[in-house]
**Student:** 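Quick one: the structure is below, and I'll ask about it shortly.
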Amino acid sequence: MSQVRTRFAPSPTGYLHIGGARTALFAWAYARRHAGTFILRIEDTDLERSTPQAVQAILDGMQWLGLSHDEGPYYQTQRMDRYKEVIAQMLAAGTAYHCYTSKEELDALRAEQEAKKEKPRYDGRWRPEPGKTLPAPPAGVQPVVRFRNPLDGAVAWDDQVKGRIEISNSELDDFIIARADGTPTYNFCVVVDDWDMGITHVIRGDDHVNNTPRQINVLKALGASVPLYAHLSMILGDDGQKLSKRRNSVAVTDYAERGYLPEAVLNYLARLGWSHGDDEVFSMEQFVQWFDLDHITASAAQFNTEKLDWLNAHYIKQANDKRLASEVANRLAKRGVDPEAGPPLEAVVALYKDRAANLNELADALEPVVTFVHASPELQAQHLTDAARAALKSLRERFKAAADWKKIVLGPAIKDTCTEFGMKMPQVAIPLRVVLLGQPQSPAIDAVVEVLGRDETLRRLDAIL
RNA sequence: GUCCCUAUCGUCUAGAGGCCUAGGACAAUACCCUUUCACGGUAUGAACCGGGGUUCGAAUCCCCGUGGGGACGCCA
């Protein structure tokens with residue numbers, strides 16, 4: 001078997017879409033699995049809609065996910081000479097021809113066919129046939145170039161995810177491969193690129209299934225070998241509807257902003273439409289070893305944010321504290337909170353990372369530790385009763401007398417206070433949380449007090465009591 | 001309208017004719033842990049779209065319906 005070469009070929013008209021990211025992941029994993037080559041190709045022939053910013057956004061998204069390419073990025077706009085060369089060859093070989101039908105005529109034809117409930121298609125009026133007399137080319141009209149699609153028979157391929165697909169050539173019309181201005185069109189560029197780049201496995205979204213027979217026909221006309229195709233079904237939003245920019249987070253960078261770890265997004269995407277038995281949580285190394293085209297689901301998959309959240313929480317628990325601290329520091333800084341203001345972030349992260357589903361939640365939780373947040377009047381009224389205040393004042397004296405600022409000393413100090421006042425643990429611990437953090441819930445209170453430090457703990461106690 | 005794809009718990013999925021009284025995961029519910037909130041643990045409920053075949057036997061194969069999606073551009 002020849003060396004595996006796969007490609008990801010986005011068009012730079014927006015951000016790296018979550019569906020595109022999964023396509024890239026699968027193409028990347030397949031190449032890695034087979035020690036092959038993963039190629040990045042930018043399909044920017046649509047000059048109107050392609051932007052350098054979008055190219056950068058795609059590159060950034062790929063980098064965030066860690067999907068590195070071995071070749072490219074290639075840009076179709078830089079390969080124009082090559083496309084024109086192939087078009088000239090096809091014109092000479094008779095596998096393509098000039099068509100002078102104007103857009104207006106085409107529109108009229110389409111309207112007529114739609115009125116008759118027929119499938120809109122080019123009628124072949126400029127297609128040369130033996131014994132057929134073509135009209136005289138109208139003066140001053142720049143022709144387009146059309147591919148001379150076979151009239152009879154069928155095109156078939158064994159799709160690696162959908163099985164055998166066969167399309168009759170009578171369903172296909174002679175599609176345009178070069179516009180009137182001479183620029184080549186998408187379906188043609190893809191063919192030349194896949195051929196020139198030696199792509200062995202075309203792994204792409206299933207919105208391209210209908211393009212495949214055309215592309216295979218051109219490949220054959222060129223005498224090129226036909227790659228294997230694997231068409232991935234699309235990803236639907238949480239609501240079961242097609243993903244939309246308005247309703248869903250579609251850009252991978254949205255997920256970065258929303259506090260997801262790339263390994264969680266990757267793991268989630270890998271399991272969306274692909275499976276390895278009952279395995280749910282696995283590393284990219286493991287994924288690459290397991291990945292195959294045989295276990296890809298043929299039907300569309302609905303995105304489930306709750307499951308992503310669960311995976312993300314899992315990976316946050318696994319992540320090392322230093323990395324999380326740096327992520328949280330960035331987020332706090334953006335909110336105008338000085339990450340250096342409180343105790344060492346790493347120590348606080350260690351205390352809180354089991355309880356956060358994403359980095360923003362983690363930052364939310366750390367904020368009242370890092371900076372002193374006064375409890376709202378409502379919370380104070382609810383929790384800081386006279387009895388509670390008295391107990392906390394006594395506790396403050398115990399804290400002041402603490403020989404060592406450690407949990408093993410601090411914990412008993414709180415318990416002793418409970419005993420002194422005949423209170424249960426929550427009756428002291430919750431008011432203490434309210435004073436120290438401005439909220440009634442936190443991890444184990446002795447651990448919080450320890451990490452907060454002696455000076456800061458006493459300062460906050462003094463400020464409120 | 002024509003062509004193409006698709007259909008297992010609410011969701012992601014396992015399942016390649018008997019191993020299926022259909023398994024796992026997320027979510028849900030209950031309990032345990034925790035004298036807080038989470039985390040964690042345990043348990044429970046929850047599905048083969050419908051109808052015909054083929055077969056000794058069908059979630060698995062075939063056909064027809066129905067639902068969902070895609071394509072039909074001088075867009076990609």
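Below, read A as the first sequence line, B as the second, and so on, with proteins coming before strands; counting in each chain starts at 1. Any value given below was found using the heavy atoms of this structure, including those in side chains, with hydrogens, waters and symmetry copies removed.
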**Student:** Using the salt bridge (Lys or Arg N to Asp or Glu O under 4.0 Å) criterion, which residues pair with A:Asp158? Sequence neighbours excluded.
**Tutor:** A:Arg164

**Student:** Within 45 degrees of the axis of the six-membered ring of A:Tyr75 and under 6.0 Å from its centre: does A:Arg79 put its NZ or CZ there?
**Tutor:** no

**Student:** Sugar-phosphate means primed atoms, P, OP1 and OP2; the rest is base. With that split, encode nucleotides 2-12 of chain B 5' to 3' as B, S or - using protein heavy atoms under 4.0 Å.
**Tutor:** BSSSSS---SB

**Student:** Which whole number of Å gives the distance between the C1' atom of B:U66 and that of B:G24?
**Tutor:** 30 Å

**Student:** Could you work out the separation of B:U21 and B:U60 based on their P atoms and round it to a whole Å?
**Tutor:** 15 Å

**Student:** Across all strands shown, which nucleotide pairs with B:G57 by Watson-Crick or G-U wobble geometry, both distances under 3.5 Å?
**Tutor:** none

**Student:** Does B:C72 have a Watson-Crick or wobble partner in any strand here, with both distances under 3.5 angstrom, and which is it?
**Tutor:** B:G1

**Student:** Looking at residues 42-54 of chain A, who's got a heavy atom less than 4.0 Å off RNA chain B?
**Tutor:** A:Glu43, A:Thr45, A:Asp46, A:Arg49

**Student:** When only distance counts, do a donor and an acceptor, one from the side chain of A:Asp278 and one from the base of B:G23, lie under 3.5 Å apart?
**Tutor:** yes

**Student:** Expressed in whole Å, how much space separates the C1' atoms belonging to B:U42 and B:U34?
**Tutor:** 16 Å

**Student:** With sequence neighbours left out, what residues match A:Asp152 under salt bridge (Lys or Arg N to Asp or Glu O under 4.0 Å)?
**Tutor:** none

**Student:** Within 45 degrees of the axis of the six-membered ring of A:Phe175 and under 6.0 Å from its centre: does A:Arg146 put its NZ or CZ there?
**Tutor:** no

**Student:** Salt bridge check: are A:Lys84 and A:Asp81 linked by an N-O gap of less than 4.0 Å?
**Tutor:** no

**Student:** Between P on B:G24 and CZ on A:Phe282, what's the gap in Å once rounded to a whole number?
**Tutor:** 18 Å

**Student:** Under 4.0 Å, heavy atoms only, any strand: does A:Pro443 hit a base, just the sugar-phosphate, or nothing?
**Tutor:** base

**Student:** Round to the nearest Å and state the distance from A:Glu114 atom CD to B:G73 atom C1'.
**Tutor:** 12 Å

**Student:** What is the base-pairing partner of B:A25, counting Watson-Crick and G-U wobble geometry with both distances under 3.5 Å?
**Tutor:** B:U11

**Student:** Considering only the P atoms, how many Å lie between B:A46 and B:U54, rounded to the nearest integer?
**Tutor:** 33 Å

**Student:** Considering only atom C1', compute the distance from B:U8 to B:A47 and round it to an integer number of Å.
**Tutor:** 6 Å

**Student:** Once you round it to whole Å, what is the distance between P of B:A76 and CG of A:Asn187?
**Tutor:** 9 Å

**Student:** Does a side chain donor of either A:Asn149 or A:Arg214 reach within less than 3.5 Å of an acceptor in the other side chain?
**Tutor:** no

**Student:** Give a yes/no answer on whether the side chain of A:Thr13 brings an N or O atom under 4.0 Å of OP1 or OP2 in B:A76.
**Tutor:** no

**Student:** Between protein and nucleotides 39-51 of chain B, map the contacts as a letter string: B base, S sugar-phosphate only, - none, heavy atoms under 4.0 Å, written 5' to 3'.
**Tutor:** SS-----------

**Student:** State which of B:A76, B:U35, B:G73 makes the closest approach to the side chain of A:Arg110.
**Tutor:** B:G73

**Student:** Find the partner of B:U35: check Watson-Crick (N1-N3 plus N6-O4 or O6-N4) and G-U wobble (N1-O2, O6-N3) distances, both under 3.5 Å, and reply none if neither fits.
**Tutor:** none

**Student:** With nearest nucleotides of RNA chain B determined for A:Met425 and A:Asp294 from heavy-atom distances, which residue corresponds to the more 5′ nucleotide?
**Tutor:** A:Asp294

**Student:** Starting from C1' on B:C74, measure out to CG on A:Asp174 and report it in whole angstrom.
**Tutor:** 15 Å

**Student:** Across all strands shown, which nucleotide pairs with B:U42 by Watson-Crick or G-U wobble geometry, both distances under 3.5 Å?
**Tutor:** B:A30

**Student:** Rounding to an integer number of angstrom, what distance separates B:A14 and B:A25 when you compare their C1' atoms?
**Tutor:** 11 Å

**Student:** With sequence neighbours left out, write down each residue that passes ring pair (Phe, Tyr, Trp, His ring centres under 6.0 Å) with A:His314, or none if nothing qualifies.
**Tutor:** none

**Student:** Hey, is the side chain of A:His295 poking within less than 4.0 Å of OP1 or OP2 on B:G15, counting only N and O atoms?
**Tutor:** yes

**Student:** To check you understand the geometry: which heavy-atom pair defines the closest contact between A:Val435 and A:Leu461, and what is its length?
**Tutor:** CG1-CD1, 3.7 Å

**Student:** With sequence neighbours excluded, what pairs up with A:Arg82 under the salt bridge (Lys or Arg N to Asp or Glu O under 4.0 Å) test?
**Tutor:** A:Glu85, A:Asp196

**Student:** Measure from CE on A:Met234 to P on B:G68 and round the result to the nearest Å.
**Tutor:** 15 Å

**Student:** Could you list all the side chain to side chain donor-acceptor pair (under 3.5 Å) pairs where at least one residue sits in residues 264-274 of chain A, not counting sequence neighbours?
**Tutor:** A:Asn267-A:Tyr315, A:Arg271-A:Glu280, A:Trp274-A:Asp292

**Student:** Considering every strand shown, what is the Watson-Crick or G-U wobble mate of B:A16 when both distances are under 3.5 Å?
**Tutor:** none

**Student:** Side chain to side chain donor-acceptor pair (under 3.5 Å) with A:Thr297: which residues, sequence neighbours excluded?
**Tutor:** none

**Student:** Measuring only the C1' atom in each nucleotide, how far is B:G18 from B:A76? A whole number of Å is fine.
**Tutor:** 49 Å

**Student:** Within this structure, what is the CZ-to-P distance between A:Arg41 and B:A76, rounded to whole angstrom?
**Tutor:** 13 Å

**Student:** Just jot down the salt bridge (Lys or Arg N to Asp or Glu O under 4.0 Å) partners of A:Glu114, sequence neighbours excluded, or say none.
**Tutor:** none

**Student:** Report which part of the nucleic acid A:Thr101 touches: base, sugar-phosphate, or nothing (heavy-atom distance under 4.0 Å, all strands).
**Tutor:** base

**Student:** Round to the nearest Å and state the distance from A:Gln241 atom CD to B:G70 atom C1'.
**Tutor:** 15 Å

**Student:** Measuring only the P atom in each nucleotide, how far is B:C64 from B:G41? A whole number of Å is fine.
**Tutor:** 49 Å

**Student:** Pick base, sugar-phosphate or nothing for A:Ala444, based on heavy-atom distances below 4.0 Å to the nucleic acid.
**Tutor:** base

**Student:** Would you list the pairs meeting side chain to side chain donor-acceptor pair (under 3.5 Å) in which at least one residue belongs to residues 407-419 of chain A, sequence neighbours left out?
**Tutor:** A:Arg398-A:Thr417

**Student:** Just how far, in rounded Å, is P of B:C72 from NE2 of A:His208?
**Tutor:** 11 Å

**Student:** Show every ring pair (Phe, Tyr, Trp, His ring centres under 6.0 Å) that has at least one partner inside residues 407-450 of chain A, sequence neighbours left out.
**Tutor:** none

**Student:** Which is true for A:Asn211 with a 4.0 Å heavy-atom rule: it touches a base, it touches only sugar-phosphate, or it touches nothing?
**Tutor:** base

